[in-house]
Amino acid sequence: MTDAELLELARRVGQEAAAYVRSARPDGRVDVASTKSSATDVVTEIDEACERLIRERIFAARPGDGFVGEEGDDVAGSTGVDWVVDPIDGTVNFVYGIPAYAVSIAARRGGEVVAGYVVNIAAGTEWGAVAGEGSWRYEPDGRRMLTAPAVETLAHALVATGFNYVPEVRAKQAAAMAAFIPQVRDIRRIGSAAIDLCALAEGQFDAYVEQGLKPWDLAAGGLVASEAGIVLSGLDGPPGERLVMAAHPSVATEYFELVRACGF
Ligand code: IPD
Ligand code: CA
Ligand code: CA
Ligand code: CA
């Protein structure tokens, strides 16, 4: 399969998963099944069932691939392709019924993300990207290619962010935020890293910063952003759990310095 065909598989499976989550969600609040890294890190039975559905569909199509999912799947493969899946990115929003939660599916080849698919489950908005082929939003009449717009100055930058579930990380993020907020236009905490990164690719944000992201939070949305021309970085190397910062090249160097100086 080509990378574009891997994306088509991700989209087919992701659409089915999103339809499942929509049909399974009761009215009102969703019951929390258990908590993970802290009391605020919740998971529902629907997160787990959604991951099972995605794993079954991917393995039915490509039995030898690897698969890593947030809700516990970790299968080593033999084909060189592995899948990195967040069945519901934005579980807290999902629990409360705030319409910003997504299915995120990425395919890696030799460890590099080559295809990424994100669907906002409640809104139905879908994004896709293939390494070297760009990123787009799926529209009823085809694909609308994404090119992130340039940013005038950092003082005009609207920055998406998120807060980790681990209290110690969160306290550190809050302290860095106190230094950061006076220097930018404002921040937004939407509650789904995958949606944040796709929105950044569309120009709904100018930049992004977050600590504590896992591979399944970052893989698909990160490719959508980078293929739209956004630069992503970590503290002293590639973006990862320690830090993800992302911005348009027009302000990236200056923005990354600001993030470091604020103590993220
Ligand atoms: C979370 C969301 C949130 C981010 C957290 C993630 P989950 O994922 O992406 O925006 O701030 O760091 O863990 O748990 O809802 O899949
Ligand atoms: Ca997530
Ligand atoms: Ca999740
Ligand atoms: Ca989670």
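When a ligand or atom number is given, it counts from 1 through the structure's own listing order. Everything numeric here is computed off the predicted structure, so don't read it as measured data.
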K.L.:
Considering only N, O or S atoms, which atom of Glu70 is nearest to the Ca ion (ligand 4)?
P.N.:
OE2
K.L.:
May I ask you to check whether Ser38 and Asp41 show a side-chain donor-acceptor distance below 3.5 Å?
P.N.:
no
K.L.:
Taking atom CD as the centre, does Glu112 end up with more than 12 heavy-atom neighbours from other residues, nucleotides or ligands that are less than 6.0 angstrom away?
P.N.:
no
K.L.:
Please verify whether a non-hydrogen atom of Asp41 lies at under 4.0 Å from ligand 1.
P.N.:
no
K.L.:
Return yes when atom NZ of Lys214 has more than 12 non-hydrogen atoms of other residues, nucleotides or ligands closer than 6.0 Å, and no otherwise.
P.N.:
no
K.L.:
Quick one: report the N, O or S atom of Asp86 that is nearest to the Ca ion (ligand 3).
P.N.:
OD1
K.L.:
Is the distance between the Ca ion (ligand 3) and the nearest N/O/S atom of Asp89 smaller than 3.0 Å?
P.N.:
no
K.L.:
Heavy-atom count check: over 12 atoms from other residues, nucleotides or ligands less than 6.0 Å from Asp141 CG?
P.N.:
yes
K.L.:
Polar contacts were defined as any N/O atom of the residue lying under 3.5 Å from an N/O atom of the ligand; does this apply to Asp89 and ligand 1?
P.N.:
yes
K.L.:
With no hydrogens and no angle check, do the side chains of Glu210 and Tyr208 hold a donor and an acceptor under 3.5 Å apart?
P.N.:
yes
K.L.:
Does Gly212 come within less than 4.0 Å of ligand 1, judged by its heavy atoms?
P.N.:
no
K.L.:
Heavy-atom contacts with Ala193 under 4.0 Å: which atoms of ligand 1 show up? List them by number with element.
P.N.:
2 (C), 9 (O), 10 (O)
K.L.:
Show which atoms of ligand 1 fall inside a sub-4.0 Å distance from at least one heavy-atom site of Ile88.
P.N.:
16 (O)
K.L.:
Can you name the atoms of ligand 1, numbered from 1 with element, that are less than 4.0 Å from a heavy atom of Gly191?
P.N.:
2 (C), 3 (C), 10 (O)
K.L.:
Could you tell me if Asp89 and Ser192 have a donor-acceptor pair between their side chains, going purely by distance under 3.5 Å?
P.N.:
yes
K.L.:
Gly162 heavy atoms, cut-off 4.0 Å: which ligand 1 atoms fall inside?
P.N.:
11 (O)
K.L.:
Does ligand 1 have an atom that lies less than 4.0 angstrom from a heavy atom of Tyr165?
P.N.:
yes
K.L.:
What are the atoms of ligand 1, with element, lying closer than 4.0 Å to any heavy atom of Arg189?
P.N.:
3 (C), 4 (C), 10 (O), 11 (O)
K.L.:
Side chains of Trp127 and Glu202: any donor to acceptor distance under 3.5 Å?
P.N.:
yes
K.L.:
For atom 11 (O) of ligand 1, grab the closest protein heavy atom and report residue, atom and distance to one decimal in Å.
P.N.:
Glu210 OE2, 2.5 Å
K.L.:
Using the six-membered ring of Tyr165, assess whether NZ or CZ of Arg170 lies under 6.0 Å from its centre and within 45 degrees of the ring axis.
P.N.:
no
K.L.:
Return the option from Asp217, Val43, Thr91, Val92 holding the heavy atom at the smallest distance from atom 6 (C) of ligand 1.
P.N.:
Asp217
K.L.:
If you count the atoms of ligand 1 from 1 in the order shown, which ones are under 4.0 Å from a heavy atom of Ser192?
P.N.:
9 (O), 10 (O)
K.L.:
Does Arg11 make a cation-pi contact with Tyr138 (under 6.0 Å, within 45 degrees of the axis)?
P.N.:
yes
K.L.:
Can you find a pair of side-chain heavy atoms, one from Val184 and one from Leu158, that are under 4.5 Å apart?
P.N.:
no
K.L.:
Has Ile88 got an N/O/S atom less than 3.0 Å from the Ca ion (ligand 3)?
P.N.:
yes
K.L.:
Of Glu70, Glu71, Glu51, which meets side chain to side chain contact (heavy atoms under 4.5 Å, CB included) against Val43?
P.N.:
Glu71
K.L.:
Which of the atoms in ligand 1, numbered in the order shown and given with their element, are less than 4.0 Å from a heavy-atom of Asp86?
P.N.:
16 (O)
K.L.:
Counting only heavy atoms not in Asp31 (residues, nucleotides, ligands), do more than 12 fall under 6.0 Å from its CG?
P.N.:
no
K.L.:
What I want to know is whether Gly90 and ligand 1 share at least one N or O pair that is separated by under 3.5 angstrom.
P.N.:
yes
K.L.:
Under 4.0 Å from any heavy atom of Phe163, which atoms of ligand 1 are there?
P.N.:
11 (O)
K.L.:
Please verify whether a non-hydrogen atom of Lys214 lies at under 4.0 Å from ligand 1.
P.N.:
no
